[in-house]
Amino acid sequence: MSSFLEIKNLTVRLQTGTPILRSVSLNVTAGQVHGLVGESGAGKSMIGKAVLGTLPRALQVTSGEIWLDGVNLSTLSAGERRKTIGAKAALIPQDPLTALNPSKRIGPQITRRLIDILGWRKADAEGRAIELLGEVHIPDPARVMQSYPHELSGGMRQRILIASAFAAEPKLIIADEPTTALDVTVQKQILRLIAEMQQRHNTALLFVTHDLGVVSKVCDTLSVLYAGKVVEDARMRRFFTRPIHPYSAALLAATPTYTDPTGSLTPVSQDVIEATEQEVRDHDVRAGR
Ligand SMILES: Nc1ncnc2c1ncn2[C@@H]1O[C@H](COP(=O)(O)OP(=O)(O)OP(=O)(O)O)[C@@H](O)[C@H]1O
Ligand SMILES: [Mg+2]
């Protein structure tokens, strides 16, 4: 099976030289779901931003390559890169409130991608947006098109962002903790919806989360990130039965499972953290800093 997204030895640093991502390599196969897990600050969001070309100014790619649909993005001009990424990839963000413009109605916020990226006529884009809102199970789509974000619940807003991400039929979706800002009751529905849309549209999905329980439900493969370094890459079944890296094993032991929800949780031990930190330092020495 071919990779739709291929990240090869990607290093991202602060202007001061401090590494944020350390020779990260990962693949997302066409039509499959790849989980990206790691604790807060591990660099999960920066991987997504590097792919989408939206890294903060303070951060720079200093080495490595990102290939999207067989094209090395760094060989393209800035304009071509923006176009390619816009046509082939899209983001489902973490916070559905800040991701929508509060002063604009929902309709134009969905149709903008279709008009700007695919050059659709306004009327066609509006028809497609209504269809998409139906696909994400929004009742009365025509009315919602006329609404402002504040008139809708958090779950509804996230459904709209999902519709919007799928609008231009990208073949890669990056979902960055798409359920963390939502009520627990809504989280499951949104997760189910993302999985349903991914299958219907046969998109590759890079699913960023710190929750291994979620990963076990939706992913085919995963990468575990620690301090900007991938410590393990695995297919799901092997990962849950035989994690190789001690940090992965510790992360699993610290995750409530659905088979044993009452089982006691073991926090990641200091020994494992220290050994993994040492591995990261050794990597930096080998990488020349
Ligand atoms: N604009 C910025 N300037 C400087 N450093 C940044 C900036 N944005 C992020 N970082 C640093 O990059 C590292 C990785 O951040 P990132 O947001 O990717 O983590 P994350 O794994 O997504 O965490 P979380 O689970 O909390 O979202 C962190 O150490 C963070 O401090
Ligand atoms: Mg993040």
Side-chain angles (χ1 to χ4, degrees), residues 5 7 9-26 28 33-64 66 85 89-99 154 158 161-162 165 172-182 184 187 190-191 194 205-216 218-219 221-234 239 245 247-248 250-252 254-256 267-268 272-274 276-281 283-284 287 289:
L5 170 67
I7 301 178
N9 292 312
L10 182 73
T11 295
V12 166
R13 295 177 192 272
L14 289 175
Q15 273 146 353
T16 54
T18 306
I20 297 292
L21 299 178
R22 300 168 142 99
S23 309
V24 165
S25 294
L26 67 82
V28 187
V33 186
H34 186 79
L36 181 55
V37 292
E39 59 197 46
S40 186
K44 304 179 299 293
S45 292
M46 294 308 129
I47 291 180
K49 284 175 188 277
V51 172
L52 296 171
T54 55
L55 278 175
R57 274 174 167 275
L59 274 68
Q60 276 166 356
V61 174
T62 55
S63 62
I66 299 171
I85 295 169
L91 176 75
I92 301 173
Q94 174 170 351
D95 186 349
L97 188 53
T98 54
Q158 192 58 307
L161 288 165
I162 293 167
L172 171 71
I173 297 267
I174 297 178
D176 191 351
E177 310 238 22
T179 61
T180 29
L182 303 172
V184 180
Q187 287 182 356
I190 294 295
L191 204 58
I194 292 173
L205 174 63
L206 180 62
F207 195 93
V208 175
T209 178
H210 53 261
D211 187 342
L212 279 176
V214 167
V215 165
S216 70
V218 297
C219 299
T221 51
L222 94 165
S223 299
V224 180
L225 196 68
Y226 184 88
K229 186 174 182 295
V230 173
V231 295
E232 180 152 359
D233 249 315
F239 183 81
H245 197 278
Y247 178 73
S248 309
L251 214 55
L252 266 179
T255 305
V268 179
V272 171
I273 297 284
E274 276 169 22
T276 313
E277 293 277 354
Q278 185 59 45
E279 203 179 305
V280 167
R281 281 195 294 274
H283 169 272
D284 286 354
R289 62 165 290 129

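We number each residue from 1, following the sequence as shown. Counting starts at 1 for both ligands and their atoms, following the listed order.
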For residues 44-57, tabulate all N or O donor-acceptor pairs below 3.5 Å that involve a side-chain atom, not counting sequence neighbours.
| unit_1 | atom_1 | unit_2 | atom_2 | d |
| --- | --- | --- | --- | --- |
| K44 | NZ | G38 | O | 2.8 |
| K44 | NZ | E39 | O | 3.1 |
| S45 | OG | D176 | OD1 | 3.4 |
| S45 | OG | D176 | OD2 | 2.6 |

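For ligand 1, residues of the protein lying within 4.0 angstrom by heavy-atom distance are L14, I20, E39, S40, G41, A42, G43, K44, S45, M46, P56, A58, L59, E177.
In this structure, L222 and L212 have side chains that are in contact, with non-hydrogen atoms separated by less than 4.5 Å. When side chains are defined from C-beta on, D233 does not count as touching S25, because their heavy atoms never get closer than 4.5 Å. Counting only heavy atoms from C-beta outward, the side chains of V215 and F239 never approach each other to under 4.5 Å. Looking at heavy atoms from C-beta onward, H210 lies out of side-chain contact with S40 at the 4.5 angstrom threshold. Residues T179 and T209 are not in side-chain contact: their nearest non-hydrogen atoms beyond the backbone lie 4.5 Å or more apart.
The nearest pair of heavy atoms linking G43 to L21 is O-CD2, 3.5 Å.
Of the possible polar contacts, one joining the T11 side chain to the S23 backbone as a donor-acceptor pair under 3.5 Å is found.
Remark: Y226 engages Y247 in a ring pair (Phe, Tyr, Trp, His ring centres under 6.0 Å) (not counting sequence neighbours).
For the Mg ion (ligand 2), protein N/O/S neighbours under 2.8 Å (waters excluded) are S45 OG.
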